[in-house]
Novice: 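This is the structure I have questions about; it appears just below.
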Amino acid sequence: MADTAKPKGGSAKASGSKRRSRKDTSGIANENPDVLLDYYRRMLFIRRFEERTSQAYTQARIGGYCHLNLGEEATVVGLMSALRQTDYLYTNYRDHGYAIEKGMDPKRVMAELYGRQDGVARGWGGSMHMYDTETRMLGGYGIVGGQVPLAAGAALAVSYRESDDVVMCQMGDGTTNIGAWHETLNIAKLWNLPVVFVVINNFTGMGTTVDMSSAEPELYKRGSAFRIEGERVDGRDVLAVRDAATRLVERAREEQTPFLLEAWSYRMKGHSVVDPAKYRTQEQKDEARAKENDPVAIFGDELTKAGVLSEEGREEIAASVKERVAEAADFAENSPHPDVSTLFDYTYATPVPNESRRMPADPVFAD
Ligand SMILES: Cc1ncc(C[n+]2csc(CCOP(=O)(O)OP(=O)(O)O)c2C)c(N)n1
């Protein structure tokens, strides 16, 4: 069981981390510069996409619950770089970056956020329910832990069909205290299912810290009750996440058995767009937004220092990302609202009249 980075208990302090040293850019020197720039571009895209989402939400263009990947960009890009296109992905409601990274068109992801007809789920799912069978992003779940047994089910199907695909199941730290999490890990190991459970430890489930809620705050060890090997990685470091995830995904594929990866990073803002995070002290807020904890800034600076990214190149990437995000927002803005008559389509197996005056408990079908 590896411990490659070490947050102190459940607090937002991350001292003692054995992260790849930022002064040492030798790791970067061995990488293909185009790949590195691609990671940087993708991380910055998620950052700007989420900022735009937050803005659109405050302008009431987006409704419902809305959770952002701000501060988790390196984890999202690192994890998705470890998957093959045919591998499956399940996530919690903090899913926008994952949907884009798994291959969904950002324009259609934004349209989904706006609740419009061209959205990936025709505007009916919204922020928490990005879903697309083509790219094998199988959701986007609002119930904490809801995705965990489903991911095991998909892994059972994969193994039953003797395919060599792997299922990745993303979740937050709070999810590890949901009953279904324990049941699923048990059966996943018992039945040797090719699934990698990934816990994004941002130190809090809403406002409850890990050490307030987990008897074993070293979350990657929690699979040991089921003999599932775990690793912990610094989720601010895109290369470290990619390497750890690749290692476990490939082992799951080869050995046909589950693994557990914990990636820790800071949630830059509140739990959701509307949460002012009053439960955090000013010091904790500053720490969560500090430049040295910002995965996008860290990586950009590393690339600049290693001579991979010039100031000019940085500006160019920033401009093209800005343009693509604006395009996504324009696309969403111009997409029509779904027609009210389609409200119950795909909801029930049998036709249900869209009777807006029908009250709860009124019979669905008239005699
Ligand atoms: C079964 C269930 N209980 C409670 C909630 C309310 N709730 C929504 S998000 C959340 C916190 C989950 O935290 P975590 O798993 O750490 O994920 P994060 O938000 O940090 O990504 C809670 C309790 C819910 N959606 N589902």
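Numbering of ligands and ligand atoms starts at 1, following listing order. Scope of the values below: all heavy atoms of this structure, side chains included, with no hydrogens, waters or symmetry mates.
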Novice: Once you restrict to heavy atoms under 4.0 Å, what part of His271 touches ligand 1? Side chain, backbone, both or neither.
Specialist: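 Under 4.0 Å from ligand 1, His271 contributes side-chain atoms alone.
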Novice: Is a salt bridge present between Arg253 and Asp87, judged by a nitrogen-to-oxygen distance below 4.0 Å?
Specialist: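 Result for this pair is yes, salt bridge flagged.
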Novice: When you measure from atom 15 (O) of ligand 1 to each heavy atom in Thr91, Thr175, Ile143, which option holds the nearest one?
Specialist: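 Of the listed residues, Thr175 has the closest heavy atom.
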Novice: Taking non-hydrogen atoms only, is Asp173 closer than 4.0 angstrom to ligand 1 via side chain, backbone, both or neither?
Specialist: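 Within the 4.0 Å criterion, Asp173 contacts ligand 1 through backbone and side-chain atoms alike.
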Novice: Can you find a side-chain donor-acceptor pair between Tyr266 and Arg236 that sits under 3.5 Å?
Specialist: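 The criterion, which ignores hydrogens and geometry beyond distance, is not satisfied for Arg236 and Tyr266.
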Novice: Kindly determine whether Lys291 and Asp301 satisfy side chain to side chain contact (heavy atoms under 4.5 Å, CB included), including the steps that lead there.
Specialist: CA-CA 10 Å; Lys291 196 177 172 205; Asp301 288 352; 3.0 Å; yes
Novice: Does a donor on one side chain sit under 3.5 Å from an acceptor on the other, for Glu73 and Asn69?
Specialist: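 There is no such pair between these side chains.
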Novice: I'd like to check which ligand 1 atoms, numbered from 1 as shown, lie under 4.0 Å from a non-hydrogen atom of Gly174.
Specialist: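 So the answer, numbered in order with elements, is 14 (P), 15 (O), 16 (O).
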Novice: Looking at Thr204, which atoms of ligand 1 are within less than 4.0 Å of one of its heavy atoms?
Specialist: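 Ligand 1 atoms under the 4.0 Å threshold to Thr204: 16 (O), 20 (O).
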Novice: Is Gly142 in polar range of ligand 1, meaning some N or O pair under 3.5 Å apart?
Specialist: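 Yes, there is a polar N/O contact under 3.5 Å.
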Novice: For atom 13 (O) of ligand 1, what is the closest protein heavy atom, and at what distance to 0.1 Å?
Specialist: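 Going by distance alone, atom 13 (O) of ligand 1 is nearest to Gly205 CA, 3.2 Å.
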Novice: Looking only at non-hydrogen atoms, find the nearest pair between Tyr88 and Lys102 and report the distance.
Specialist: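 Closest approach of Tyr88 to Lys102, heavy atoms only: C-CE, 4.5 Å.
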Novice: With a 4.0 Å heavy-atom cut-off (strictly under), which part of Asn92 contacts ligand 1: side chain, backbone, both or neither?
Specialist: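 Side chain only.
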Novice: Return the residue, atom name and 0.1 Å-rounded distance of the protein heavy atom closest to atom 21 (O) of ligand 1.
Specialist: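 Heavy-atom neighbour on the protein nearest atom 21 (O) of ligand 1: Arg94 NE, 2.9 Å.
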Novice: N/O to N/O below 3.5 Å, does that happen between Arg267 and ligand 1?
Specialist: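 No, no N or O pair falls under 3.5 Å.
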Novice: Going by the angle between their ring planes, with limits at 30° and 60°, are Phe203 and Trp264 parallel, tilted or perpendicular?
Specialist: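 Phe203 and Trp264: tilted rings.
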Novice: Check the orientation of Tyr93 and His67. Use parallel for under 30°, tilted for 30 to 60°, and perpendicular for over 60°.
Specialist: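 It falls in the tilted class, 30° to 60°.
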Novice: Side chains of His96 and Glu50 only: does a donor on one sit below 3.5 Å from an acceptor on the other?
Specialist: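 Note: His96 and Glu50 side chains meet the donor-acceptor criterion.
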Novice: Can you tell which part of Met206 has a heavy atom less than 4.0 Å from ligand 1: side chain, backbone, both or neither?
Specialist: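 Both backbone and side chain.
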Novice: Return the option from Val144, Leu68, Thr208 holding the heavy atom at the smallest distance from atom 7 (N) of ligand 1.
Specialist: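 Nearest option to atom 7 (N) of ligand 1, by heavy atoms: Val144.
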Novice: Under 4.0 Å from a heavy atom of Asn202: give me the atoms of ligand 1 that qualify, with their elements.
Specialist: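 Atoms satisfying the 4.0 Å criterion: 20 (O).
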Novice: Please determine whether a side-chain nitrogen of the Lys or Arg among Glu72 and Arg47 lies less than 4.0 Å from a carboxylate oxygen of the Asp or Glu.
Specialist: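 No salt bridge links Glu72 with Arg47.
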Novice: Within ligand 1, which atoms have a heavy atom of Tyr93 less than 4.0 Å away?
Specialist: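 Within the 4.0 Å cut-off of Tyr93, ligand 1 contributes 9 (S), 10 (C), 11 (C), 12 (C), 13 (O), 14 (P), 17 (O), 18 (P), 19 (O), 21 (O).
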